[in-house]
Structure formats: structure tokens, C-alpha cells
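Letters A, B, ... mirror the listed sequences (proteins, then strands); counts begin at 1.
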Amino acid sequence: VSALSNCIRRLRFEHGEMTQAELAQRIGMTRQTVAAIEQGKYSPTLEAAFRIADALGEPLETVFQWSAGASARMPPQT
Amino acid sequence: MEHPMSFREKTAWIMLLSTLGVYGVYFFAFGRAWMSGQGAGFGLFAPMIATVVVLAIVQIVLSIGAAALSPSDARAPLDERERLIDLNSARAGFVALQSGVFLALVAVALGIAPALAANLLLAVMVAGEATRSIWRIAAYRLGAA
């Protein structure tokens with residue numbers, strides 16, 4: 001289970017029912033990659049995440065949520 | 001909503017099916033010659049080169065056809081997920097190739113005929129390429145990288 005979740009789908013509809021293809025075109029990705037990100041099957045790079053948030057006109061933390069409990073924690077670095 | 005197959009996935013299918021189809025015909029012909037005791041005289045290089053040429057033509061024609069159906073997708077550069085899929089599939093193909101080459105070396109050390117050894121190595125290359133294409137298709141189908 002990915003620790004990274006998002007509400008891209010809801011935000012697309014709140015922004016004029018933007019389609020996956022339209023969002024993909026705005027951020028320079030394929031529609032299939034946008035679909036994979038929405039479904040949590042692919043975690044985007046930080047740069048792509050910022051581009052998605054920018055295209056949706058929302059701050060990054062509104063679009064993506066990190067759930068630390070959903071993934072194995074790394075031991076603290078010493 | 002059902003979406004049409006992406007251009008990248010189509011090209012992966014083209015690579016897989018054309019590789020299996022064209023080399024399938026070649027290996028079938030070689031197998032028949034070998035079983036009838038004429039494998040050593042099969043004429044290694046001419047059929048191999050002809051197979052490679054036919055495969056290249058088939059792949060170029062089909063890729064041009066797929067690109068003509070979705071020209072904007074064909075012109076678009078790979079995005080980050082597609083690059084990751086390519087890297088992962090190349091790694092999977094390389095692992096298959098390495099494993100196959102090791103097995104082929106064992107077979108050569110056991111003293112198999114040179115014609116059989118050459119075709120075994122060719123089969124290993126085909127298996128590596130097929131593994132790469134299968135990995136790409138699976139990644140595109142499953143949505144993961």
C-alpha cells in the first residue's frame with residue numbers, strides 16, 4: 001500500500017471538470033500516467049507533484065497526502 | 001470509462017508479437033531441419049540475416065501504422081513513468097538474457113553441435129527481448145512502473 005494518497009480526481013472536477021487528458025497536457029505527461037497517479041499505482045517525482053498542484057491551482061499538501069503509518073518506517077539516521 | 005490503448009503500449013505489443021512471430025517461423029524451420037538430420041546444413045547466416053531483415057521491416061511498417069493512428073502521442077517525448085518502465089523492462093530483459101547466456105554456455109561446455117549452440121544463443125536473445133516487451137506491457141496494463 002502506497003503511503004502517498006491524493007485527491008486529484010476530486011480537484012479536477014472542482015476545476016471545471018478537467019479531464020485526465022487536459023491535466024496530462026498541462027503538466028507534460030500522458031493520460032495513462034495521470035490515471036496511474038490518481039489510482040495510487042505510481043508515485044510521481046517531486047517536480048511532477050508540484051506541476052500537478054500548480055495546474056490544479058492548489059498547494060502541494062492539498063493535492064497529496066502522506067500517511068507515515070501506511071509504510072514501513074526507516075530507522076532513524078545517526 | 002474504457003480508454004484506447006496508448007501508443008507506447010501498442011509499440012510494446014508490436015515488438016513482442018512481431019519478434020515471437022518472425023523468430024517463431026525461423027525456429028520452426030530450423031527445428032524441422034534439425035529433426036530431419038539436416039540441422040548442421042541449415043545454412044546459419046542466410047536464414048538468420050533474412051529473419052532479422054524481415055523483422056525490421058515488419059516492426060517499422062507496424063510502428064509507422066501505429067504512429068499514423070495517434071500522431072500526437074507518437075511525437076510526444078516519454079514522460080517520467082514511461083522512462084521508468086523502459087528502465088525496469090530493460091533490466092528484466094537483461095536478467096533473462098544473462099540467465100539464458102549462462103545456460104547456453106553450460107550447453108556449449110557439454111558439447112552441443114555448433115549449429116545448435118548458435119541457435120540457442122539466438123533464442124536467448126529473443127527471450128531477452130520478449131521478456132523486455134512483456135514487462136513493458138504488464139507495466140502499462142497494471143498502471144505501475
Specify the closest pair of heavy atoms between A/Tyr42 and B/Glu80, including all atoms of both residues, with the distance to one decimal.
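Nearest heavy atoms, A/Tyr42 then B/Glu80: OH-OE2, 2.8 Å.
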Nearest non-hydrogen partners of B/Asp79 and A/Thr30, listed with the distance:
OD2-N, 2.9 Å
So A/Gln32 and B/Arg8, do their side chains get closer than 4.5 Å, heavy atoms only?
no
Nearest-0.5 Å distance that lies between atom CG in B/Leu84 and atom OG1 in A/Thr33:
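Nearest 0.5 Å value for the CG-OG1 distance: 10.0 Å.
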Look up atom OG1 in A/Thr45 and atom CZ in B/Arg81, then write down how far apart they are to the nearest 0.5 Å.
13.5 Å
Would you say B/Tyr26 ends up clustered with B/Val52 if hydrophobic residues are merged whenever their side chains have heavy atoms under 4.5 Å apart, either directly or through other cluster members?
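The answer is yes; both residues are in one hydrophobic cluster.
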Would you mind checking which part of B/Leu142 comes under 4.5 Å of any heavy atom in chain A, side chain (CB onward), backbone (N, CA, C, O), both or neither?
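B/Leu142 touches chain A through backbone heavy atoms alone.
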Does [atom1] belonging to [X] count more than 12 external heavy atoms closer than 6.0 Å?
X: B/Met125; atom1: CE; value: no
X: A/Phe50; atom1: CZ; value: no
X: A/Gln25; atom1: CD; value: no

Salt bridge (Lys or Arg N to Asp or Glu O under 4.0 Å) partners of residues 94-122 of chain B, not counting sequence neighbours, each pair once
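Counting only pairs at least two positions apart or across chains, no salt bridge (Lys or Arg N to Asp or Glu O under 4.0 Å) contact touches residues 94-122 of chain B.
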